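Because the structure is a prediction, the values reported are computed rather than measured. Nothing fancy with the numbering, it's 1 onward along the sequence.
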Amino acid sequence: MNHFLSPEKNNKLLKSYHFSGKMLIPLLFSSYVINNLECEKTKSIINSFTISNISFHSYVSTSCIITDYIKPQNISKIVRCTSLGGHFLATSGYIYYLFKNVKNK
């Protein structure tokens, strides 16, 4: 669990973070372009990849900021758990909304 609360201390997660940074603009561009298509399922899949990428990148960035600015260990752990929960809740909410709209059309 420590790897998820402190991703900046795990080399594998840092490599994924740097890769996700390189994929931000291409995924955002593909989501923008694909919005004019008729196939709702394809739009939802591409947009869910984009949302997941943005969320992961945001979570690791936030974790790095927490490491830099919040020094007391007990407060840092509370803020990290809140950040993880908030990012997970937002991501799952967006993806749920995307696929819920596909079923309704």
Side-chain angles (χ1 to χ4, degrees):
M1 186 68 178
N2 193 25
H3 295 296
F4 292 118
L5 291 179
S6 298
E8 71 279 359
K9 296 177 183 172
N10 184 332
N11 286 334
K12 193 178 284 189
L13 288 176
L14 273 179
K15 286 181 184 180
S16 298
Y17 168 74
H18 290 298
F19 180 73
S20 75
K22 293 174 185 174
M23 294 304 296
L24 283 173
I25 292 176
L27 281 173
L28 286 170
F29 181 73
S30 64
S31 288
Y32 177 76
V33 169
I34 207 158
N35 270 341
N36 294 328
L37 293 179
E38 295 296 321
C39 183
E40 292 296 320
K41 195 167 223 171
T42 304
K43 280 199 278 189
S44 294
I45 291 170
I46 297 294
N47 287 334
S48 66
F49 279 124
T50 304
I51 290 167
S52 298
N53 186 43
I54 291 171
S55 179
F56 175 73
H57 195 80
S58 171
Y59 174 66
V60 176
S61 297
T62 304
S63 182
C64 290
I65 291 169
I66 292 169
T67 299
D68 289 343
Y69 292 104
I70 301 178
K71 297 301 178 190
Q73 200 68 18
N74 54 352
I75 296 173
S76 175
K77 191 167 186 173
I78 292 169
V79 173
R80 286 180 189 280
C81 290
T82 304
S83 175
L84 180 63
H87 279 89
F88 177 76
L89 187 65
T91 303
S92 58
Y94 279 126
I95 291 174
Y96 173 77
Y97 177 77
L98 283 174
F99 285 101
K100 180 182 175 192
N101 285 343
V102 169
K103 291 178 184 177
N104 290 337
K105 290 186 179 185

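Counting heavy atoms from C-beta outward, Leu5 and Cys81 have side chains that approach closer than 4.5 Å. Using a 4.5 Å heavy-atom threshold, the side chains of Leu28 and Ile54 count as touching. Contact annotation: the side chain of Leu13 never approaches that of Val60 to less than 4.5 Å [non-hydrogen atoms, C-beta and beyond]. In this structure the side chain of Lys71 never reaches within 4.5 angstrom of the side chain of Ser76, judged on heavy atoms. Counting heavy atoms from C-beta on, the side chains of Pro7 and Phe56 never come closer than 4.5 Å.
Considering CD1 of Ile46 and CD1 of Ile34, their distance stands at 4.5 Å, rounded to 0.5 Å. A distance of 3.0 Å separates OG1 of Thr67 from CD of Glu8, quoted to the nearest 0.5 Å.
With hydrophobic clusters built from ILVMFWY side chains whose heavy atoms lie under 4.5 angstrom apart, Tyr94 shares a cluster with Leu98. Criterion: ILVMFWY side-chain heavy atoms under 4.5 Å apart, direct or through other members. Under it, Phe99 and Phe49 are part of a common hydrophobic cluster. Taking hydrophobic clusters as Ile, Leu, Val, Met, Phe, Trp and Tyr residues chained together by side-chain heavy-atom distances below 4.5 Å, Ile75 shares a cluster with Ile66.
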>> Between Arg80 and Thr62, is the side-chain contact (heavy atoms from CB on, under 4.5 Å) condition met? List the steps.
In response: CA-CA 9 Å; Arg80 286 180 189 280; Thr62 304; over 6 Å; no
> What do the steps show when you test Glu40 against Lys100 for salt bridge (Lys or Arg N to Asp or Glu O under 4.0 Å), and what is the final call?
Replying inline: CA-CA 11 Å; Glu40 292 296 320; Lys100 180 182 175 192; over 6 Å; no
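The list of side chain to side chain donor-acceptor pair (under 3.5 Å) pairs with a residue in residues 15-31, not counting sequence neighbours, reads Tyr17-Ser61, Ser20-His57, Ser31-Asn47, Ser31-Thr50.
At least one donor-acceptor pair closer than 3.5 Å links the side chain of Ser92 to the backbone N or O of Leu89. Looking only at distances, no side-chain donor or acceptor of Thr91 sits under 3.5 Å from a matching main-chain atom of Phe88.
Within 6.0 Å of CD1 on Ile25 lie no more than 12 heavy atoms contributed by other residues, nucleotides or ligands.
The two residues Thr82 and Ile78 make their nearest non-hydrogen contact at OG1-O, 2.8 Å.
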